[in-house]
Amino acid sequence: MALSGMRGLSVFISDIRNCQNKEQERLRVDKELGNIRTRFKNEKASLFTLISNDWGLKEENAMPSKFSTLLSDRITLTSLVHVKGLSPYEKKKYVWKMLYIYMLGYDVDFGHMEAVSLISAPKYPEKQVGYIVTSCLLNENHDFLRLAINTVRNDIIGRNETFQCLALTLVGNIGGREFAESLAPDVQKLLISSSCRPLVRKKAALCLLRLFRKNPDVVNVDGWSDRMAQLLDERDMGVLTSSMSLLVALVSNNHEAYWSCLPKCVKILERLARNQDVPQEYTYYGIPSPWLQGKAEIYLRNFDFWHELGDTDSWCSREQREGVGLINRLNIKSLWWLLDHGCDIDALINLTLQVKTMRALQYFPTVEDPNTRRSLFEVLQRILMGTDVVKNVNKNNASHAVLFEALALVMHLDAEKEMMSQCVALLGKFIAVREPNIRYLGLENMTRMLMVTDVHDIIKRHQAQIITSLKDPDISIRRRALDLLYGMCDVSNAKDIVEELLQYLSSADFAMREELSLKAAILAEKFAPDLSWYVDVILQLIDKAGDFVSDDIWFRVVQFVTNNEDLQVTEAASLKAREYLDKPAIHETMVKVSAYILGEYSHLLARRPGCSPKEIFNIIHEKLPTVSSYRSKSGRYSATTRAVEYHALSMKGAALMDILAEMPKFPERQSSLIKKAEDSEADTAEQSAIKLRAQQQTSNALVLTDQRPANGTPPVSQLGLVKVPNMSNADQSTAEQGLTHANGALTVVDPQPPSTPSPDLLGDLLGPLAIEGPSGTAPPQSEPRVASGLEVGANEDALAIAPVEEQANTIQPIGDIAERFHALCLKDSGVLYEDPYIQIGIKAEWRAHHGRVVLFLGNKNIAPLGSVQALMLAPSHLKMELSLVPETIPPRAQVQCPLEVINLQPSRDLPVLDFSYKFGTHMVNVKLRLPAVLNKFLQPIMVSPEEFFPQWRSLSGPPLKLQEVVRGVRPMLLAEMANLFNSLRLIVCPGLDPNANNLVASTTFYSESTRAMLCLIRIETDPADRTQLRMTIASGDPALTFELKEFIKEQLVSIPVPSRPPAPMPPQARPTSPPSAALSDPGAILAGLL
Amino acid sequence: MIRFILLQNRQGKTRLAKYYIPLEESEKHKVEYEVHRLVVNRDPKFTNFVEFRTHKVIYRRYAGLFFSLCVDITDNELAYLESIHLFVEILDHFFSNVCELDLVFNFHKVYLILDEFILAGSCKKQARSYDIRCRRNHRENGELEKQE
């Protein structure tokens, strides 16, 4: 059907389509471009040189050459705003042609101005073409666009609705910062104007959304939040939906200001959900009720733009009128449908609105009002229960879109256990269905679920099903399944999952192998039940997917083997390595690992057949040529080095015993693998979605205020991790060593690295902070402190944790810091600190002995915050790595600083964040305790009597089992205490103790030194005197038992209540049983002081 | 938010492209090429979602045409999938039984309709005429298929 009456354009398109090959097409395009260029230039030429308009109508090859050179200069815009000469029809035609050529992928580097100039045309047809082509050809960074701002503004504030719509559309699609600054007030006026029709206001809402994203300051929070609430009362669905989109963005940036919108959102949701349920009432024997006709009107109004077009525009060309007629026909047809099948339209008209509303609700931290909360949960419950899988794919999609949004909201709200398990059950159903989209979303949402709540066990039941999805032909599903498996893995199922991954590795496609092997390596390392299994897994990994095993992975395994004490493991590893060498074709990485391990430990195998030094030398020698000229980047290990060394050794035999000394142990450091995973997570789409949502929530502002790279990589990842100083130390030392070897200077190799890396990370960590040595008494004095008149930590008073400068500084924190801290001890996300300028939020994820904390530094002001500094003062038992904190935080932006925490050993000491910034002339410095408390490294575990009693008995007496009578306990009922315990992740096991006044709890503690360690707790209370009780704590580690006992005691004796001054944290006399080394540790002292 | 919308045929010819984020020309070409590669060989039984760089592409195939929306990773996939379908329905109404040629010769009108449909990276009129979609879905798909 040839709708187009623009013959020239049709002919051109046909020509292009008839081209036999790319070359012909290019020729045709070039010819056309030349033609257009000439026409446009002739225009300009005609203005300046007064050459007759006839030039414009001739073919380009007829142009005298002197003119082409004359006209090849770039045209300036000003002259073209009111170009005369070309007829409007021609101008339009050429501009459309340009767009078509552009769409084919050719560069169109001229004519932009002509397109822009059409915007200022007085008549609709040209104006419309101008707007559309401009918004396709140009982007917000183009200079030409600036020239159009005034015209666009005139159209927006003008009276002509069609022009308003065109202008709003352009701004909404490509408006940049400058547009935001000069047009936002006008757009706001349109949105709230009562005289404007919904058609325009709807567009204004979305246009404002764009402007807000470009510059959040254009929406004045104070004035606008009431307006926004009013907008939510809007009856027109279109305006309401668009306003909701706007609200989502506003709330994600600053939820506090829009608090009043929350109940309204819930109301809207309720209304929508109700409508969905009872459509029948609105029809009477098939005749639509007046209500429905009202809807129909609304529906029609969406189209009246076109009506008007036909009426008012005398310039409207034939083909356009035809188009309008068609749209009208379409309207009538649609109306007919609408009336005919009116019943379900309202059920489905709400899809977007529902999704948007629920999205908006997800940006509010909680719903506090109990009534609102109840009705919200009712609605959610109805959505969760009332969604069935039906035959019609599209209806399915629509209802599931709502359903999945509801699921996300439920997760966000941290609903009751019951609802959560209902959700998991639902997801369990989804991941088993055939419909790929639903299955995909089921897997994705299950992964999200893992991150927010502890539904691990219920999810584990679906493990088999998830593994099936790992073998799905669709890579999207496989990716989600892999993500989920990775997330759900823990000590109990690591073996199964990793083996499954290994098995899948050999058949996996290349796109996934690297990620797969990385994930398998990390899981194996994190959850290895024993070292030889780990070594085995990695060797298999290298064997199966050598190309995809990065150097980090094999460095790590070598490090483990070297650091391990158990000779049997070493022997097993060497044996494995030896076996792999026998394979006919092995990957070079395998050669490297084997060479290394055998180089070190082959003496353990010496008695076995085929393992004499000579044989081993021969086989390595034989395989080495397959190793490409390789020198590891950091120079740490080098296979060639090994070979040379080995060779030399075999020559000289036992003469140089000191060389035969094993490599020194590698200093313990954070797994570079995990770090790598984080890095890659940050820039691939693999990011676990919930985390991303959290980031999105906060990064919105950041992303959009920045002039960021065009493709919009998330800003989060750009913060590099700060290296732990001691790491580079180690690198250097081993590098030096490697060098010595390589030079063949085999005289004496000191078995100790030249500069022994400090065994205590903290010494290094704190080094740069210039905190004075571990003398223990002198209060650590840091570098020139920012806040004047501040005595940082100089006060040994334990209270000093409250912002030290409270007296000295004029900036008062909002809310009680201690209270916030205590709240955060029990939950994983919330606000850590807030004052008029900044808000520091925290979101943590704890798994086993690892913690991943993200600090959100949000600038609440319209001016940037400068000199931002954040220093981590970690106690000795925690290894912490804080990524770089940017020096300035842009206005109204939020930056995120990931912080990695590894728990080395049990301790109650707390890390402290020394945070300072400058606002205007104010220097603010606060010291904040971070809630990396002992209980974060606990994972509740239910113990059955059969498991409990043997354990309890086997741990007999101190130091493994400690008993203490505690007095001065805050009186509470047993049930309260049980709740408290559960919230501390000590799970109460009912029925273990026959005495009803007693309480038995169990948990698993994770740290690097203890690994997973079961802890058992028994509390005996005296019903007559609730202020005292006797508690018995048992675990396999003396330090842990002690620390846990003290920890629980603190919780029982002083439950943090809001009115209390900051809780007295540590300084209780330490008994000698726990390692006293910590005492001399500056970090511990500092943390202790605070 | 919608980052861009692409309409491509099986050979990878772009029939419509609209970007809601500022991209350089070369980047646009790259994106179009990559998205095409990503979706063209996928089995009809696969999901309609593919990860693309740090975003997600929600695509749907109608006969020889791929409609791809690039959205944020946390966006509601199904809602966007439905909006693609609605867009196709609208095109279908407009051109009465739309086929690729209609879109080629009337690309300027398609842009017009698209602007009415998506603004500032958000769908405006998703709700509209949903019933029509439900009822006509099978027929429509069938017809589009035939024209291939």
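Side-chain atoms are counted along with the backbone in the values below, which use heavy atoms only and exclude waters and symmetry mates. Sequence lines set the chain letters: A, B, ... in the order given, protein chains first and strands last, and positions in each chain run from 1.
Comparing Tyr111(B), Phe46(B), Tyr19(B) by heavy-atom pairs within less than 4.5 Å of chain A, the highest count is held by Phe46(B). Between chain A and the options Thr47(B), Val31(B), Leu16(B), heavy-atom pairs under 4.5 Å are most frequent for Thr47(B). If you tally non-hydrogen atom pairs under 4.5 Å between each of Ile477(A), Ile13(A), Ile475(A), Asp107(A) and chain B, the highest count goes to Ile13(A). Residue with the most contacts toward chain A among Glu32(B), Lys13(B), Glu77(B): Glu77(B) (heavy-atom pairs, distance under 4.5 Å). When each of Val104(B), Leu114(B), Asp43(B) is scored by its heavy-atom pairs under 4.5 Å with chain A, the top score falls to Val104(B).
One finds a salt bridge joining Asp115(B) and Lys18(B) here, because a Lys/Arg side-chain nitrogen approaches an Asp/Glu carboxylate oxygen to under 4.0 Å. Glu82(B) and Arg60(B) are joined by a salt bridge, as a carboxylate oxygen and a charged side-chain nitrogen come within less than 4.0 angstrom of each other.
Heavy-atom distances place both the backbone and the side chain of Asp474(A) under 4.5 Å from chain B. Both the backbone and the side chain of Phe49(B) come within less than 4.5 Å of a heavy atom in chain A. Contact annotation for Lys28(B): only side-chain heavy atoms (C-beta onward) come within less than 4.5 Å of a heavy atom of chain A. At a 4.5 Å heavy-atom cutoff, the contact between Leu441(A) and chain B is made by side-chain atoms alone. Contacts of Arg15(B) with chain A are made by both backbone and side-chain atoms, with heavy-atom separations under 4.5 Å.
Between Tyr100(A) and Phe107(B), the ring planes lie tilted relative to each other; the angle falls in the 30° to 60° range.
Using modelled atom types, one finds a donor on one side chain and an acceptor on the other under 3.5 Å when comparing Tyr62(B) with His85(B). Checked by atom type, the side-chain pair Tyr59(B)/Gln8(B) shows no donor-acceptor distance below 3.5 Å. At a cut-off of 3.5 Å, with distance as the only test, no side-chain donor of Lys203(A) or Ser242(A) sits close to an acceptor on the other residue.
Between the CD atom of Glu51(B) and the OG atom of Ser476(A) there is a distance of 6.0 Å, given to the nearest 0.5 Å.
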